[in-house]
Each structure stands twice: as C-alpha cells, then as structure tokens.
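The block underneath contains the structure these notes are about, expressed in structure tokens.
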Number of protein chains: 2
Amino acid sequence: MEFKEAKSKFIQTWGALGSQWGINKTMAQIHALLMVSPEALSMEDIMEELHISRGNTSMNLRSLMDWGIVFKEYKPGERKEYFSAESNIDELARKIAKERSRREIKPTLRVLKDISTIEANESNEAVHFKAKTEELYDFVSRADTMLEKVTEHKENWITKTIVKLMT
Amino acid sequence: MEFKEAKSKFIQTWGALGSQWGINKTMAQIHALLMVSPEALSMEDIMEELHISRGNTSMNLRSLMDWGIVFKEYKPGERKEYFSAESNIDELARKIAKERSRREIKPTLRVLKDISTIEANESNEAVHFKAKTEELYDFVSRADTMLEKVTEHKENWITKTIVKLMT
DNA sequence: AAAAAGTTTCATTAATTTTTGAAAGTTTAA
DNA sequence: TTAAACTTTCAAAAATTAATGAAACTTTTT
C-alpha cells in the first residue's frame with residue numbers, strides 16, 4: 001500500500017468509527033485528516049481533500065473546536081485561518097471522555113436520581129422500577145467516577161490508586 | 001412524580017442515550033422497558049407500551065438478542081413468546097463492552113495495523129502519518145486490553161490487578 | 001390437512017440527519 | 001470608506017436511517 005491509499009483508508013475508517021459512536025462522519029473525517037497532517041490546514045485544504053462544501057467544513061470545524069480537540073492557528077503575515085488537531089493522544093482521549101461525561105452521562109445521572117425517588121409502596125411494578133433505577137444510578141455513577149479518575153490526570157492512574165490504597 | 005411518569009421518562013432518557021451512542025432509539029427503549037418490567041413481556045405488550053409497529057418490534061428484539069442482552073422466554077401452556085432483559089447490570093455492561101470491542105474496536109485495530117506498515121522514507125508527510133497511526137494503534141490497543149480486563153471477569157478487577165502487581 | 005396463533009421479512013413510506021450553496025457577516029488592507 | 005479576502009449562517013435539498021404494515025412464513029392445535 002502506498003501513502004495516498006493508506007491515508008484515504010485511515011480517513012474513511014475514522015469516519016465510520018465516528019458515526020458508530022454518535023459523532024458525525026464528516027466531523028470525524030476532518031479530525032482524522034488534521035491528525036495525520038504534519039502542518040495545520042486551511043479551510044480550502046480541507047474542503048478540497050474531503051470534497052465537502054465550505055459550510056459543512058466551517059460547521060464541523062466549529063464543533064471540533066467546541067470539543068477542544070482542534071485549534072485555530074494564525075500564520076504570521078497570512079490572513080487565512082489554519083487548523084490543527086490535538087497531537088497528544090492521551091490528551092485527546094481525556095478531552096473526549098470529559099466532554100462525553102459532561103454532555104451525556106451527567107444528565108443521565110440527574111434523570112436517574114430524579115426518577116428513582118418515586119414513592120414505591122404501591123405496586124410490585126413500582127417497587128421493581130425503583131430498585132432497578134437505583135441500581136442503574138449506582139452503576140453509572142461508579143463508571144463515571146472511574147472514567148474521571150482514569151482520564152483526569154496524565155500520569156499513571158493505577159500507580160496512584162495503589163499508593164492511595166496502601167497508605 | 002408518580003410511577004407512570006417516571007417510567008416514561010426513564011424510557012425516553014435511555015432511548016436518547018442510546019442514539020447518542022450509535023444504538024437506535026427504539027432498540028434502547030425496548031431494552032429500557034424490559035429492564036424495568038418485573039415480568040417478561042410479549043410482543044403485543046411492547047408494541048402497545050411504546051406505540052410501535054409489529055415489524056419494528058420484531059426486528060429490534062432480534063438485534064437485542066444478537067447482542068445477548070435480551071432473552072426469549074416461553075411460559076408453560078402458552079404459545080406466545082415473552083421477552084426479558086439481562087437483569088444483572090455488571091453482566092449487561094460486560095456484554096455491551098465485549099460486543100462493541102468485537103464489532104468496532106477490533107476491526108479498527110486491524111486497519112490501523114495495516115496502514116501503518118507503509119514504507120515511509122518518502123515524504124515528511126508519510127513519515128508523520130506512519131508515526132501517528134502507529135501511536136494510535138498502540139493507544140487503541142491498550143484501551144481495548146484494559147476494557148477486556150475490566151469486563152472479562154465479574155469480580156473486582158482492581159483488586160486482582162493490585163494483587164498481581166504486588167506478588 | 002386445514003385453520004389458528006403467532007412471528008418475520010422487506011418494499012415502501014416517513015422521519016431524521018447531514019450537506020449544500022448562496023447570502024450575510026467580519027476583518028483587514030488600500 | 002470601500003473593496004477584497006475570508007468565515008459563518010441557515011433555509012432548502014439530498015442522503016441516510018428507521019418505521020410501517022401487509023404478505024409470507026412457522027408452528028401448534030383441532
């Protein structure tokens with residue numbers, strides 16, 4: 001396989017992965033492209049490489065910047081804006097995890113907490129509901145905390161945890 | 001909030017969460033409904049509760065069974081099929097993680113490995129590409145292994161890991 | 001073996017999501 | 001202050017994904 005083919009394959013794969021994870025395909029593709037580009041790219045560059053419109057490029061770049069995983073760069077003496085991706089992969093994972101927690105897990109936890117407070121001395125059905133949603137709350141809450149721990153620090157989390165448990 | 005309202009809210013929330021994670025809304029809603037039902041439900045029950053068609057119900061139930069998180073049940077003396085959800089939440093998480101790894105992460109790893117083998121003595125661009133995709137392969141690979149470790153066993157993984165590290 | 005009770009499939013329709021492109025908006029330079 | 005260079009927005013169109021429902025299929029009962 002030569003470079004061009006590999007590059008295109010990478011962009012397609014990253015895009016497909018993105019859509020399976022609830023991120024739109026173009027957004028993931030732009031991110032993939034920027035990740036493997038040694039230099040920051042202009043909007044024109046991106047449009048041309050991915051064959052997408054200006055509007056589409058603009059909106060998805062904005063989303064990527066909202067996620068904190070793509071940055072604007074200005075080249076001295078140039079008016080055009082250039083874009084580059086977070087280059088540290090651990091940092092990338094950290095930001096994605098943090099953002100998904102904030103946007104999805106936290107709101108879900110709020111709902112779960114809320115609905116598990118129903119008075120359940122009525123029916124069997126209500127008792128079971130309350131038990132199940134409480135259990136789910138605990139689980140999701142634990143998972144979220146763990147995710148936070150794993151991603152909050154750049155340093156090795158396991159080591160820290162062990163030290164903490166042993167002292 | 002009384003029971004009916006809470007139940008409906010739970011089903012909506014779980015459905016929304018599903019679609020953010022690449023699972024179709026109805027599938028997640030059926031799963032939510034079965035999770036909070038103390039008894040197994042028939043297709044009729046599900047159709048009625050969620051206001052969806054027979055075909056839709058049938059296909060999404062099949063998907064849920066393919067994921068291994070919903071089961072068919074037969075009641076003695078009854079011809080109808082009943083459905084129930086995996087009731088252990090740890091087990092549920094385990095199965096989802098395993099399935100997503102198999103369907104999404106593993107294929108991505110294969111592609112990453114494949115494309116990072118290009119001969120990169122040509123351009124700066126190709127050198128950077130090779131380095132980046134290799135780095136990504138290592139990261140995803142590590143993450144997948146960790147996920148496997150966390151979910152492979154029902155027992156507390158942390159404890160085991162610590163014990164292993166200390167001996 | 002035919003009817004009854006139930007389930008699955010899949011072409012068509014509906015809903016949702018994404019993309020386009022042209023107009024409006026900004027900023028810089030002359 | 002106005003023209004040029006560039007970016008953003010958003011209504012409409014296109015593409016994708018999900019849902020319907022009727023016909024086909026399966027299994028059980030009589």
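Partners of A:Y82 according to the ring-ring contact (aromatic ring centres under 6.0 Å, His included) rule, which considers only residues two or more places apart in sequence or in another chain, do not exist here. Partners of A:F3 under the ring-ring contact (aromatic ring centres under 6.0 Å, His included) rule, at least two apart in sequence or in another chain, are B:F129.
Across residues 66-86 of chain A, A:K72, A:R79, A:K80, A:E81 each have a non-hydrogen atom less than 4.0 Å from an atom of DNA chain D (numbered order). Residues of residues 20-35 of chain A that place a heavy atom closer than 4.0 Å to DNA chain C, in numerical order, are A:N24, A:T26. Near-neighbour residues of DNA chain C inside residues 52-62 of chain B, defined by a heavy atom below 4.0 Å, number-ordered: B:R54, B:G55, B:S58, B:M59, B:R62.
Side-chain atoms of B:E134 and B:S116 form no donor-acceptor pair, as typed in the model, at a separation below 3.5 Å. Neither side chain, A:N60 nor A:T26, offers a donor N or O lying under 3.5 Å from an acceptor on the other.
Across all their heavy atoms, B:R100 and B:W21 have their closest contact at NH1-O, 2.9 Å. Across every non-hydrogen atom of B:I89 and A:K132, the tightest pair is CD1-O, 4.4 Å.
Geometrically, A:R103 engages A:W67 in a cation-pi contact, judged by NZ or CZ lying under 6.0 Å from the ring centre and within 45° of the ring axis.
Hydrophobic clustering (side-chain heavy atoms under 4.5 Å, transitive across Ile, Leu, Val, Met, Phe, Trp, Tyr) keeps B:Y74 apart from B:F71.
In this structure, CE of B:M47 is placed 14 Å from P of D:dA19, rounded to the nearest angstrom. Distance B:I46 CD1 to D:dA19 P: 14 Å, rounded to the nearest Å.
Looking at heavy atoms from C-beta onward, B:L136 lies in side-chain contact with A:W14 at the 4.5 angstrom threshold.
Counting only residues at least two apart or in different chains, side-chain hydrogen bond (donor to acceptor under 3.5 Å, both in side chains) contacts with residues 38-49 of chain B comprise B:K7-B:E49, B:S42-B:D45, B:E44-B:R54.
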